[in-house]
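Residues take their numbers from the sequence shown, with the count starting at 1. Both backbone and side-chain heavy atoms feed into the values below; hydrogens, waters and symmetry mates do not. Ligands are counted one by one from 1 in listed order, and the atoms in each one are counted from 1 as well.
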Amino acid sequence: MTPAQDAAHMARAVELAARGHGTTSPNPVVGCVVLDAAGQVAGEGFHAYAGGPHAEVVALAQAGERARGGTAYVTLEPCDHTGRTGPCSLALLEAGVARVVIAVSDPNPKAAGGAARLRARGVAVTAGVLAEAAERGNEEWLTYVRLGRAHVTWKFAATLDGRSAAEDGTSKWITSAEAREDVHRLRRAADAIVAGIGTVLADDPQLTARTGGRPEDAGKGTSAGEGAGAGEGAGTGAGAGEGIGQGAGAGAEAGEGVGQGAGAGAEAGEGVGQGADAGAGEGVSQGAGVATGAGRRRGPLRVVVDPDARTPPSARVLDDQAPTLIAVADDTGTDLKADLLRLPRHDKGLDLEALLRELAARDVVSVFLEGGPTLAGSFVRRGLVDRVVAYLAPALLGSGQAALGAAGAGTIGDLHRLRFDEISTIGPDLRLVARPTPT
Ligand code: AOF
Ligand code: ZN
C-alpha cells in the first residue's frame with residue numbers, strides 16, 4: 001500500500017465517521033474501512049451512537065472472513081477496554097487483520113492502548129495517517145477529552161459590516177431562510193445551546209432545534225442500503241422503539257443484500273443509516289435508528305447564563321420542549337423553579353471555564369453558543385471559543401449592535417486572531433468557519 005493509497009482509504013474512513021456526527025455524544029465519531037488481503041474494500045462502518053457497536057466491529061462484521069490478512073483503517077486508535085462494548089483491539093486480532101492504520105491516538109486513558117496491544121501481537125501498525133482531517137472531524141470530542149470541558153462553537157449572524165441588530169434593537173431575519181435552516185442543523189447536532197440572560201430578556205428565545213427528520217442523513221449515501229437502513233431503524237424496533245430490527249430491502253443495489261436495523265429508542269425521523277456494498281453482488285448494509293441519548297430526545301439541553309437568576313418563570317426557554325439548565329452565581333438566592341447550576345462569579349459574569357467543565361461532567365461534549373454579544377465576548381476573552389460559524393448577509397446597517405461585545409482586546413496587539421477554514425455561500429449569504437490560530 002502506498003502512502004497515497006493509505007490516505008485515500010483513511011479519507012473514506014473519515015467520511016464514514018462524519019455520518020455519526022451529532023448522534024454519538026458523549027462518544028467520538030469513528031469510521032473504519034477494512035480491506036481484504038488483496039487490497040479490496042471488504043467492509044465499512046462507523047460508530048452511530050454511544051453504547052452501539054464501535055466502527056471497527058461494524059466494518060469487521062461486514063468483511064467477515066475476508067478481513068483475514070487484510071488491513072483496517074480507523075480514524076481513532078482502536079480501543080483496548082471493555083466498556084459498553086468489548087475491546088476492538090481483540091476484535092481486530094480475532095479477525096486476523098495483518099495491518100492497522102490509525103489517524104489519531106485515543107486520548108481517553110480508559111480506552112487507549114489498542115495500538116500497543118496490536119503491535120505486541122505482531123500486527124503492523126501505522127499511526128498518524130490523515131491525522132489533521134480526523135482531528136477536525138472529531139474536534140468536539142477531542143476537546144472534551146483532552147481539556148475536560150465542552151467544546152464551544154460560537155455562531156453569529158450579521159450584516160456585512162458586522163451588525164447583529166439595528167439601533168432600535170430589531171434584529172429579525174438579517175440572514176436568509178437557508179442560513180437559518182443551517183443554524184438549526186448545527187443546533188440539532190449540539191449537546192447544549194447556551195445563551196445569556198440579556199438575550200433571554202430581550203428576545204425570549206425558545207432555544208430549541210426545530211424537530212423532525214435529519215435531511216442530511218436521509219439524503220446521504222451512495223448505496224440503496226443506506227437509505228433503507230435509515231428508514232428501518234425507526235420502523236422496526238420492538239416495544240417503545242427499543243430493540244433490534246431486521247428488514248429486507250436494504251442493500252437492494254446488490255444481488256444479495258442483508259439489511260439490519262437497530263432501533264435504539266429511536267424517535268421517528270432521527271435515524272442514521274449505515275451501509276456499503278461489499279464486493280460485487282454482495283450488498284451488506286446496516287441501519288441504526290438512533291435516539292440521541294436520554295437527554296437528547298427532546299433536543300439539546302438549553303443553558304442560560306444568568307448570574308442573578310433573572311430568568312422570568314414565563315420565559316419560553318423554560319417550556320417543556322427541551323431540558324433547561326439555568327447557570328446562576330453560587331451566592332444568588334432564588335426561588336426559580338428550574339434546574340439550577342451554581343457557579344462562582346467571575347468579572348461581571350460567571351466562571352465560564354467552570355460552566356464548561358460542569359457541562360462536560362453532564363456528558364455535554366459540544367456547546368452551541370448563541371444569543372448575546374456580551375456573553376460571546378466573555379467566552380472569546382477567556383479563550384473558550386473553539387470554532388466560529390458566521391453568517392454574513394449582503395446588507396449594511398452602519399449603526400446598531402456589534403455581533404461581538406467587549407472581548408478583552410482594548411489594543412490591537414491583543415486582537416484574537418483566527419484562521420478561515422471554510423468559506424462558502426448559503427442562499428444569498430456568506431458562511432464562514434474560523435478557528436483560533438494556535439498560540
Ligand atoms: C466509540 N466508537 O467506534 C470507537 C471508540 O463507551 P464505550 O465503551 O463504547 O467506549 C467508548 C470509548 O472507546 C471512546 O471514548 C473511545 O476512547 C473508544 N473508541 N468509541 O464510541 C468507536 N472506536
Ligand atoms: Zn472499540
Side chains of T324 and R302: any donor to acceptor distance under 3.5 Å? yes
Does F46 reach ligand 1, in the sense of a heavy atom lying below 4.0 Å from it? no
Nearest-neighbour protein heavy atom for atom 9 (O) of ligand 1, which is reported as residue plus atom name and distance: H54 NE2, 2.6 Å
Atom 8 (O) of ligand 1 sits nearest the protein heavy atom R84 N, 2.5 Å
Side-chain contact, heavy-atom cut-off 4.5 Å: I326 with R342? no
Metal site the Zn ion (ligand 2): N/O/S of C79 inside 2.8 Å: yes
Return the closest protein heavy atom for atom 12 (C) of ligand 1 as residue, atom name and distance. H81 CE1, 3.8 Å
Atom name of the N, O or S atom of H54 nearest to the Zn ion (ligand 2) is ND1
Counting both backbone and side chain atoms, is some N or O of D106 under 3.5 Å from an N or O of ligand 1? yes
Which of the numbered atoms in ligand 1 are under 4.0 angstrom from any heavy atom belonging to C79? 13 (O), 18 (C), 19 (N)
Apply salt bridge (Lys or Arg N to Asp or Glu O under 4.0 Å) to D421 and R419, showing your working. CA-CA 6 Å; D421 289 322; R419 175 191 59 223; 2.8 Å; yes
May I ask whether A50 has any heavy atom positioned less than 4.0 angstrom from an atom of ligand 1? no
Could you tell me whether the side chain of W154 reaches within less than 4.5 Å of the side chain of V385, counting heavy atoms only? yes
Under 4.0 Å between a side-chain nitrogen and a carboxylate oxygen: does that hold for E353 and R149? no
Heavy-atom contacts with E56 under 4.0 Å: which atoms of ligand 1 show up? List them by number with element. 3 (O), 23 (N)
Which atoms of ligand 1 are found less than 4.0 Å from any heavy atom of A111? 13 (O), 17 (O), 18 (C)
Going by atom types only, do T175 and D429 share a side-chain donor-acceptor pair under 3.5 Å? no
Distance under 4.0 Å to a non-hydrogen atom of G83: what atoms of ligand 1 satisfy this? 8 (O)
Would you please determine whether E77 falls within less than 4.0 Å of ligand 1 on a heavy-atom basis? no
How close does the nearest protein non-hydrogen atom get to atom 11 (C) of ligand 1, and which residue and atom is it? N27 ND2, 3.7 Å
Using 30° and 60° as the class boundaries, would you call the ring planes of H47 and H54 parallel, tilted or perpendicular? perpendicular
In terms of residue, atom name and distance, what is the protein heavy atom nearest to atom 15 (O) of ligand 1? N108 ND2, 2.9 Å
A55 neighbourhood, listing ligand 1 atoms whose heavy-atom distance to it stays under 4.0 Å: 3 (O), 22 (C)
Knowing that exactly one of D106, N27, N108 qualifies, which makes a side chain to side chain contact (heavy atoms under 4.5 Å, CB included) with L76? D106
So is G52 polar-close to ligand 1, meaning N/O to N/O under 3.5 Å? no
In this structure, is the centre-to-centre distance between the rings of H151 and Y144 below 6.0 Å? no
Between D191 and S25: side-chain donor-acceptor atoms closer than 3.5 Å: yes
Where's the contact between Y49 and ligand 1, heavy-atom distance under 4.0 Å: side chain, backbone, both or neither? neither
Taking side chain as C-beta onward, heavy atoms only, is E422 less than 4.5 Å from L432? no
Which of the numbered atoms in ligand 1 are under 4.0 angstrom from any heavy atom belonging to V30? 2 (N), 3 (O), 4 (C), 22 (C), 23 (N)
Is it true that R435 and D386 have a side-chain N and a carboxylate O under 4.0 angstrom from each other? no
